[in-house]
Amino acid sequence: MPELPEVETMCRGVRPIVGGWIQRVIDPKCRYRPVVCQPAMTEIQRRLRGQQITGITRIGKRVVIETEKYALVLQPKMTGLVSIDNPPDSEHVRLVLELRDCTVPRLIFWDRRGLGTIGLIARHAIASELIEGKLGPDALAISPKEFQQQLATTRRPIKVVLLDQKRIAGIGNLYASEMLHAASIDPRRAAAELDATEFRELHRHMRRILLKAIRYEGSTLSDGTYRNALNQSGNYQNEHRVYDRADQRCPRCSQANITRIVQAQRSTFFCTHCQH
DNA sequence: CATATGTCCTGAGAGC
DNA sequence: TGCTCTCAGGACATAT
């Protein structure tokens, strides 16, 4: 499931398209239900034709492809990915940008389950449409002080609060469990109960883990869905300490097995012995 | 307002 | 072996 490190890796991988021109936008009309588009696909095709790509940015867990006039917003959600002419298969291709004057012939948005979305907005509206009132500070930009301020105002479990994109942007289910284990914090505790030292530790491990996961180009889970822009697996899955490791010995304390619980309909993995 | 629940979708894997 | 069932979770809509 693409979270901050996976989306950042996608953005870096497709950066070679910057400077290219969009010759044509193709709707591959795959056999699955059409991907959710805003506005309609035909309107996206009309507006993007002939635009030059000026930049690629990550906003939370979205890939934003900027042109002079527009921002094409690709939201991978569970199984989406952005690829340089190298999708895992052809049947789940949801959008193709044909490029010219570019070393890359095509940019592809691919999504197996089709929960992802495609949006097109005016470039000057990026902040008002995507950020303001919708997303908290990015997990890699937030200061330790701001981190505590954003999270400490609720009694909901800290694990659930870390997933709230309005409070902090970029963390998903996998990295939330990993960073809480690294910081030795019980995921069930009320966010407001953590003290300043614990928030500092959590912030430190959050940065460390997200940056390391980016270096490893993200996590490809057992279903093998996530790939980088060149259709290669990530490598961070081999570094997971708790995620999807229920009933295995805790790699830190060896005193208990990793436990799986459900919080807000999502799996959480943690060690009952060394997370307090 | 804050918080909780339901929904979208496909394919992998479990169980019989 | 082949069928049916469950589950994975990001973001948003709707309910409480």
Side-chain angles (χ1 to χ4, degrees), chain A residues 1-11 28-38 58-64 73-82 87-95 109-119 121 129-136 138-139 149-180 187-192 210 213 218-227 233-234 237 240 242-247 260-269:
Chain A
M1 67 301 283
E3 305 181 28
L4 188 154
E6 289 77 24
V7 179
E8 180 64 29
T9 302
M10 289 178 204
C11 286
K29 298 224 187 325
C30 67
R31 65 185 176 85
Y32 305 98
R33 86 115 164 73
V35 69
V36 173
C37 281
Q38 184 55 247
R58 177 182 63 77
I59 296 184
K61 301 177 197 170
R62 285 162 224 232
V63 176
V64 180
V73 184
L74 302 174
Q75 185 172 44
K77 289 203 182 173
M78 297 298 299
T79 54
L81 50 87
V82 176
D89 62 47
S90 57
E91 61 181 326
H92 300 91
V93 171
R94 310 288 177 155
L95 182 75
F109 182 57
W110 180 97
D111 188 354
R112 177 152 56 74
R113 279 165 65 184
L115 298 179
T117 63
I118 297 171
I121 59 177
E129 292 276 332
L130 300 181
I131 303 174
E132 290 155 15
K134 299 193 172 85
L135 282 188
D138 191 83
Q149 288 170 347
Q150 285 291 329
L151 302 185
T153 58
T154 174
R155 293 198 51 81
R156 301 169 80 201
I158 182 64
K159 156 65 176 9
V160 176
V161 176
L162 284 169
L163 300 181
D164 183 346
Q165 304 298 300
K166 285 194 180 67
R167 292 175 182 269
I168 181 167
I171 300 169
N173 203 48
L174 189 163
Y175 294 100
S177 281
E178 290 295 321
M179 66 183 67
L180 285 164
R188 299 168 294 187
R189 285 179 59 199
L210 293 177
S219 300
T220 298
L221 302 182
S222 53
D223 74 356
T225 296
Y226 166 72
R227 324 288 291 178
S233 296
Q237 64 278 6
H240 296 170
V242 291
Y243 184 80
D244 206 16
R245 295 176 67 90
D247 303 324
R260 173 186 178 273
I261 60 173
V262 175
Q263 297 179 286
Q265 287 83 242
R266 268 74 176 140
S267 297
T268 300
F269 299 89

A:F269 CZ - C:dG9 C1' separation (whole Å): 12 Å

For A:A190, all residues meeting side-chain contact (heavy atoms from CB on, under 4.5 Å), sequence neighbours excluded: A:R155, A:E193

A:Q75 and A:T117: side chain donor to acceptor below 3.5 Å: yes

Partners passing side-chain contact (heavy atoms from CB on, under 4.5 Å) against A:E3 (at least two apart in sequence or in another chain): A:M1, A:P5, A:E6, A:L174, A:Y175

Non-neighbouring partners of A:E129 that pass salt bridge (Lys or Arg N to Asp or Glu O under 4.0 Å), sequence neighbours left out: none

Rounded interatomic separation in angstrom, taking CD1 from A:I118 and P from C:dA11: 16 Å

Test side-chain contact (heavy atoms from CB on, under 4.5 Å) applied to A:E132 - qualifying residues, sequence neighbours left out: A:A127, A:S128

Atom-pair distance (CD on A:Q75; P on B:dC9), nearest Å: 16 Å

Interface with DNA chain C, restricted to residues 151-167 of chain A and to heavy atoms under 4.0 Å: A:Q165

Whole-Å gap separating C1' (C:dA11) and CG (A:L74): 16 Å

Pair pattern of DNA chain B in dot-bracket, where unpaired bases get dots and | marks partners in another strand, Watson-Crick or G-U under 3.5 angstrom: .|||||||.|||||||

Atom-pair distance (CZ on A:R266; P on C:dC12), nearest Å: 13 Å

Distance (rounded to the nearest 0.5 Å) between A:K61 NZ and A:I171 CD1: 8.5 Å

Listed partners of A:R189 passing side chain to side chain donor-acceptor pair (under 3.5 Å), at least two apart: A:E198

What's touching nucleotides 13-16 of chain C from the protein side, N or O pairs under 3.5 Å?
none

Nucleotide C:dG10, atom P - distance to CG of A:D111 in whole Å: 14 Å

Minimum side-chain heavy-atom gap A:L74-A:M10 below 4.5 Å: no

Pair listing, salt bridge (charged side-chain N to carboxylate O under 4.0 Å, His left out) test, anchored in residues 162-177 of chain A, at least two apart: A:D164-A:R167

Lys/Arg N to Asp/Glu carboxylate O, A:R58 vs A:D138, below 4.0 Å: yes

Euclidean distance, atom NZ of residue A:K77 to atom C1' of B:dT10 [Å, nearest integer]: 15 Å

Between N or O atoms, less than 3.5 Å apart, protein on one side and nucleotides 5-8 of chain C on the other: list the pairs.
from  : atom 1 : to     : atom 2 : distance (Å)
C:dA8 : OP1    : A:R260 : NH2    : 2.5
C:dA8 : OP1    : A:S267 : OG     : 3.4
C:dA8 : N3     : A:R113 : NH1    : 3.1

Residue whose closest nucleotide on DNA chain C lies nearer the 5' end, A:L115 versus A:K134: A:L115

Pairing residues for A:I261 by the side-chain contact (heavy atoms from CB on, under 4.5 Å) criterion, not counting sequence neighbours: A:R188, A:T259, A:Q263, A:T268, A:F270

Side chain to side chain donor-acceptor pair (under 3.5 Å) against A:R62, all qualifying residues, sequence neighbours excluded: none

Nearest-angstrom distance from the residue atom CG of A:D89 to P of B:dT10: 13 Å

Distance test, side-chain N/O of A:H92 to OP1/OP2 of B:dG11, below 4.0 Å: yes

